[in-house]
Amino acid sequence: MAVVTGQQSSLWDGVIELTKLAQLKGTDPLMWAMQLSSTLNSAGHSMPSTDVADLLVSHICWGNNDPIAWKFLEKALALRIVPPMFVLALLSNRVIPTRRSYPVAYRLYMELLKIYAFSLPSLINGPNYQKIMEAINDTLHLSQIFGLQGSESGLIVVGFVFTIVWELLDASLDDEGLLELTAEKKSRWHITSQDMGLNNHDGFAGGRTEKQELLSKSNTVMAIEIIGELFRDKVTSAILYLVRTNMPTHWESFTQNLRLLVSNSSALRNSKNISPEALVQLTSDDHVVLSRKCKTSSHKRFHAVMASGSLGSSADQCHGASPAVLWLPIDLFLEDIMDGSQVAVTSAAETLTGLVKALQAVNSSPWKDTFLGLWIAALRLVNRERDSSEGPVPRLDTCLCVLLSITPLAIVNLLEEEEMNCSSTNQRKESSRKRHQDLVFSLQQLGDFEGLLTPPLPAAPLANLAAAKAMMFLSGISVGSGYFEGMSLNDIPVNCVGNLRHLIVEACIARNILDTSAYLWPGYVKGRCNQVPRSISSQMPGWSSLMKGSPLTPQMVSSLVSTPASRNGRRAHGFDGSLAEIEKIYEIAVNGSDDDKVSAAAILCGASFARGWNIQEHTVLFITRLLSPPVPANYSGTESHLIGYARFLNVLLIGVSSIDCVQIFSLHGLVPQLAGALMPICEAFGSCAPNVKWIVMSEEISSHAVFSNAFTLLLKLWRFDQPPLEHRMDAVPVGAHLTPEYLLLVRNSQLTSSDDLQKDQSKIKRLTRLSSPLSGEPIFLDSFPKLTLWYRQHQACIASPLSGLVPGTPVHRIVEALLNFMFRKINRTGQSLTPAISGSSSSSGPGNEDVSLHLKLPAWEILEAVPFVLDAALTGCAHGRLSPRELATGLKDLADFLPASLATIVSYFSAEVTRGIWMLASMNGTDWPSPAANLAAVEQQIKKILAATGVNVPSLTVGGNSPATLPLPLAALVSLTITYKLDRSTDRFLNLMGPALSNLATGCPWPCMPVMVALWAQKVKRWSDFLVFSASRTVFHHNRDAVVQLLRMCFAATLGQTTSSIASNGGVGALLGHGYGSHFSGGISPVAPGLLYLRVHRAVPNVMFMTEEVVSLLMHSVRDIASSLVPSEKLKKSKYVRKYGQVSLAGALTRVKLVATLGASLVWITGGVVLVQSLIKETLPSWFISSHGTDPSGGMSEGLVSTLGGKALACFAVISGTFAWGVDSSSPAAKRRSSILEAHLEFVAGALHGKISLGCNKATWKSYVSGLINLIVGCTPNWLLEVDVEVLKSLSTGLKQWDEEELALALLNSSGIGTMGATAEMIIEGGMNFVR
């Protein structure tokens, strides 16, 4: 409370005496007001005065409740002696609680309210604004009631208006006896008092009469009408809109009371000025939205283009601008994750979920179109793979995994998120129902795309069975899931030919996001069948037999390995979506006999893993868990308990070791968990001597075999052949370098996330009783000392030349034994090459009969010696003591003896190549294999691929007379790989060496890669096209200009601006084509530029330059788009448009958005979050600061080019951000968003206020800023909640200086409660309105 001095006390006493005397004399209110004003001026007291207001209201309430006293107060308000809003605040505290006792006073209060509640501009523009708002806050306690942080005046204005409305509402409810029907049974406001009796205390008449009763009822009607007026008024309705958006909890309580009033109020029904329906409409959620008055036609078209998210949009659909390209980033992302050379540590479904949400937001698309775009992109992925060239990395199963497992899981996420984001149960049900309807619509509409639905041949039988299931269900034939086992093509009913939509629907039914009512969709099932075919009565024992209790016989195991488990239990009216079959196998693998465990492991890794799409996320989790078996209850051995599981673990390891299996683990985000399971196996079996043998499926294995299978699988999960970051001489592609430490870090983080998952009921519903969230303790690399020792030695060997072998040590003896073992044929000639090779003259080495004894050692000890063996062997070959053939044979013998040594062979030879100290090996066909037979053809094909794609590299020499050469270590490595036979037993080892060999050859000078490809193409001719295509990436590793050319062709192809037949129409088909291979006569077909880029971008040694190049290409594309605009006088001449391929301004804006989306996609896919953050934090500000010359050719409006360029950059920036950070806070990368975004907006604000000098065109800058803010406000408003309020206010002020008040207001309004006060003040100052 303010301290009142003696002088002030005298002043206030004088004011009261002046007022009382005027009352007694009946002085004219105007004269009284003039005397009062003179008194205050003489005392030096400023007006309007809160102190005088308090005095006058206290004087009236209730000792002087006379008409003349109210007239005095009214005149003081009119002359602004007292502040109107503060007076209203005081009166609301005094009058509303006593309204029944003082109905006339309540009426007078409301009359004042009608006058002054709608004159807010005079409040904030008048004197003492801050002091008045502080007084209102102290009077009404708004900060405490609403939890407002700080005492910002604008916030108090919002709270004041909301309080007045809410008090009137609750008072009206109370007057009609409805307040007790509310959830709280009372009002949060002081609207009643103890003296709320029936007596009339107004000073205007005697007792309470019938007239007073009517007045009270009339007051209730008037209060309700004022509520309507406050919602109808432009300024106050806008302020109440701020409450709705920023204070949802309070607003929900308010609207509950409002709904009660609308439903039950007789006063509302009796009102002549407002009806219940009108009040509902005025207060509805969709009544007020921010008015966005676009000042120019280009702004209007830009907003229309950004909102044209429907697949049915009629915007320009020629030259790459069809609505289908809205989902181009999904196509690019799905194609990129098919690159088998790179594993991911996060689930593709999670990333895809964020990407789809981002595109839905930036495209403003209905969810039915969003789902349809997602399905079509996934189908296009499968169709591109349909006729692709065969290669060492099979892709079809992983493509189908994306379509039938990853995509449905992403949709499950989207449905669950929508349900969880709703605040009430009713909203949750309605929102969930609506999004499910959109999903159903998209799948129904998918039937119109028959060209995409034809299944690949391996998937056709399963598609036919899915169609047969639906047909029999509709025909009323009750059959269990076991009925379909063993059904052949001949058994399927007539006309029952399935397609990929049937498989998609089954995948959705299995995950409970569809039900069997889908079988009733028009055209889904063609025909009916009247009886069950009898031809399959003698089917093989399968899943149904297992569920009935049949034992795992060899015949049954063979059947279950080749047939995926279903997710369809038997039920009278359909399928229950259970996982009983795969759970049964898992339980056998955990609790069965040793033989049954081995059989169960084989079954899990069979068709249920690769093509059990409906259960795949559970199967991969089961396999991961089985790789970490528990310690038996009665175990008391000294060695690891894992040794006892050798047979079982070996079957699992071999079953998931193929490159496509690893990729499926990667797609499901289980690579870190898989790595964590493999490390203990490697540690245990690598520490065990191979003294014990086990028989697994008629094959004898030792601890070396189990170790090698686990070790090679572990190494496929990270780029083991590359040196550590601190030893790299070149820049590392962003996100391309995984390490064991990082994998364990992610694994441990996933365990923490799994603990949080257990609290998430929506996700727990997906889990079976066995596939509970990930469990286990955090583990670290130091937990595995043997693995850690090897890893440190591995890093040291890569980083520096080999040293440290001491004669006579155990390691030296192992080296001698290995060399004698590898080159024993040489030793039999009596030449005693071992000492010369090993560099030791003190010993001739052990005899051949002792070699096996020296090598019966734990694998870790052998691996420690392998680098020294390789160094000795390579040195011997370089000095002529070993022939190339003998070297290759010895290396193969070493690899056959301990396949795990392949890792050291690859990494050691790779490191030696990069050191450049070895002689070149002449690939002449005598000493080393010769590529001469097809090398020229390979080089020519590579050049043709590049030329057909639009990349011209003059320095690419083709042919030549001199024999090809390779660095000696690379020649040895290539020679080793081509000694392997291609069969299932060696695939896992070739898949370990292949990517490393390819990376190594890519980094070597031309023509090392063509030489390697030529040699392998001679060995496996059917891989020729694939190998040649893969070899083309070496050009981009060495030639940055080639990368830029390829990027340029990506933009041109997407816009349909190339001469290539496959790119003439632009869009997705032009960018990504239809796969690659010899589909056309005359050799390999042209490769789409986007597909080529996705296959080569990881070979680019430094991608940080990409952002600048993409910005440059984006602006170049904008200029091309602007040049294609149709002159306005020719817009109506459609023949002109068709002939010259020109477009309207709306079409140009659509294409601008398209190239911006393409640029954002390429930056994000190439460099991930790091590159996007570099773009926004560094590249774009630098571009705006720099000067850019204009096109000297003229011929077009430079202003239009600049405007379109600014829009393009704005789209580019925002879309890039949505891809990297997401539109909400669900992505882990969102944590990095606030600092980068705030820095960029601070840069924008600084430039707006003239603190930063810009070099770009002013029109470009203005277009960029308006486009950027428009997009953030419209598409990603949650971003603004993370930005410092002062930055946003500064940005808003700068926009106002540009006469962009609406945009400034929209920015503040979207920035949360922190800017609500500033938003309110801007609304009041400018008279801004929120209209429907």
Side-chain angles (χ1 to χ4, degrees), residues 343 345-346 620-621 623-633 635-646 648-650 652-653 656-657 662 665-666 669-689 703-720 724-726 737-755 772-798 857-864 866 898 900 903-904 907:
V343 296
V345 296
T346 54
V620 293
L621 188 57
I623 291 173
T624 305
R625 291 205 171 160
L626 290 174
L627 286 168
S628 301
V631 180
Y635 184 75
S636 60
T638 57
E639 62 185 6
S640 171
H641 73 285
L642 295 173
I643 304 300
Y645 291 96
F648 172 69
L649 292 174
N650 197 66
L652 289 173
L653 293 169
V656 299
S657 62
V662 172
F665 273 98
S666 175
L670 283 177
V671 163
Q673 298 298 324
L674 180 60
L678 291 173
M679 289 181 186
I681 299 175
C682 294
E683 187 75 12
F685 284 92
S687 304
C688 178
S703 60
H704 280 184
V706 181
F707 169 78
S708 292
N709 289 328
F711 191 60
T712 53
L713 179 56
L714 174 63
L715 295 182
K716 291 174 187 174
L717 308 183
W718 55 285
R719 299 293 288 277
F720 73 96
L725 293 178
E726 61 269 23
H737 198 76
L738 298 179
T739 64
E741 297 99 330
Y742 180 70
L743 288 174
L744 291 180
L745 180 66
V746 175
R747 174 202 177 269
N748 296 337
S749 175
Q750 288 177 345
L751 292 181
T752 304
S753 301
S754 180
D755 292 338
S772 56
L774 299 170
S775 59
E777 296 297 324
I779 59 176
F780 305 93
L781 194 60
D782 290 342
S783 305
F784 313 104
K786 298 291 187 181
L787 176 61
T788 303
L789 181 64
W790 172 86
Y791 180 54
R792 302 306 176 205
Q793 183 198 41
H794 161 79
Q795 290 181 304
C797 289
I798 290 179
L857 298 169
W860 289 123
E861 296 181 21
I862 295 175
L863 284 182
E864 186 179 0
V866 168
L898 184 64
T904 304
S907 61

Residues in side-chain contact (heavy atoms from CB on, under 4.5 Å) contact with [X], at least two apart in sequence or another chain:
X	result
S628	A677
P680	L642, F784
A689	N691, P858

Closest heavy-atom pair and its distance - [X], [Y]:
X	Y	value
E683	L787	OE1-N, 3.0 Å
L744	L781	CD1-N, 3.4 Å
Q750	V345	NE2-O, 3.3 Å
S657	V662	O-CG2, 4.2 Å
V671	S666	CG2-CA, 3.6 Å
R747	P778	NH1-CA, 3.8 Å

Side-chain heavy-atom pair L751, E777 within 4.5 angstrom cut-off = no
Is the closest side-chain heavy-atom distance between L863 and L898 below 4.5 Å?
-> yes
Interatomic distance, [X] atom [atom1] to [Y] atom [atom2] [nearest 0.5 angstrom]:
X	Y	atom1	atom2	result
H794	L715	NE2	CG	7.5 Å
E864	K786	CD	NZ	8.0 Å
S640	F685	OG	CZ	7.0 Å
L745	I779	CG	CD1	12.0 Å
L674	M679	CG	CE	10.0 Å
L714	I681	CG	CD1	10.0 Å

List in chain and number order the residues that pass salt bridge (charged side-chain N to carboxylate O under 4.0 Å, His left out) with E741, two or more places apart in sequence or in another chain; answer none if no residue qualifies.
-> R792
Stepwise side-chain contact (heavy atoms from CB on, under 4.5 Å) check, L678 with L653 | CA-CA 9 Å; L678 291 173; L653 293 169; 3.4 Å; yes
Looking at [Y], is its backbone amide N or carbonyl O close enough to the side chain of [X] to form a donor-acceptor pair, meaning the two atoms are under 3.5 Å apart?
X	Y	value
S708	A705	no
S703	C688	yes
Y645	L627	no

Side chain to side chain donor-acceptor pair (under 3.5 Å) against N709, all qualifying residues, sequence neighbours excluded | N650, R988
With sequence neighbours excluded, what pairs up with F665 under the ring pair (Phe, Tyr, Trp, His ring centres under 6.0 Å) test?
-> F609
Could you check whether the rings of Y791 and W718 sit parallel, tilted or perpendicular, using 30° and 60° as the cut-offs?
-> perpendicular
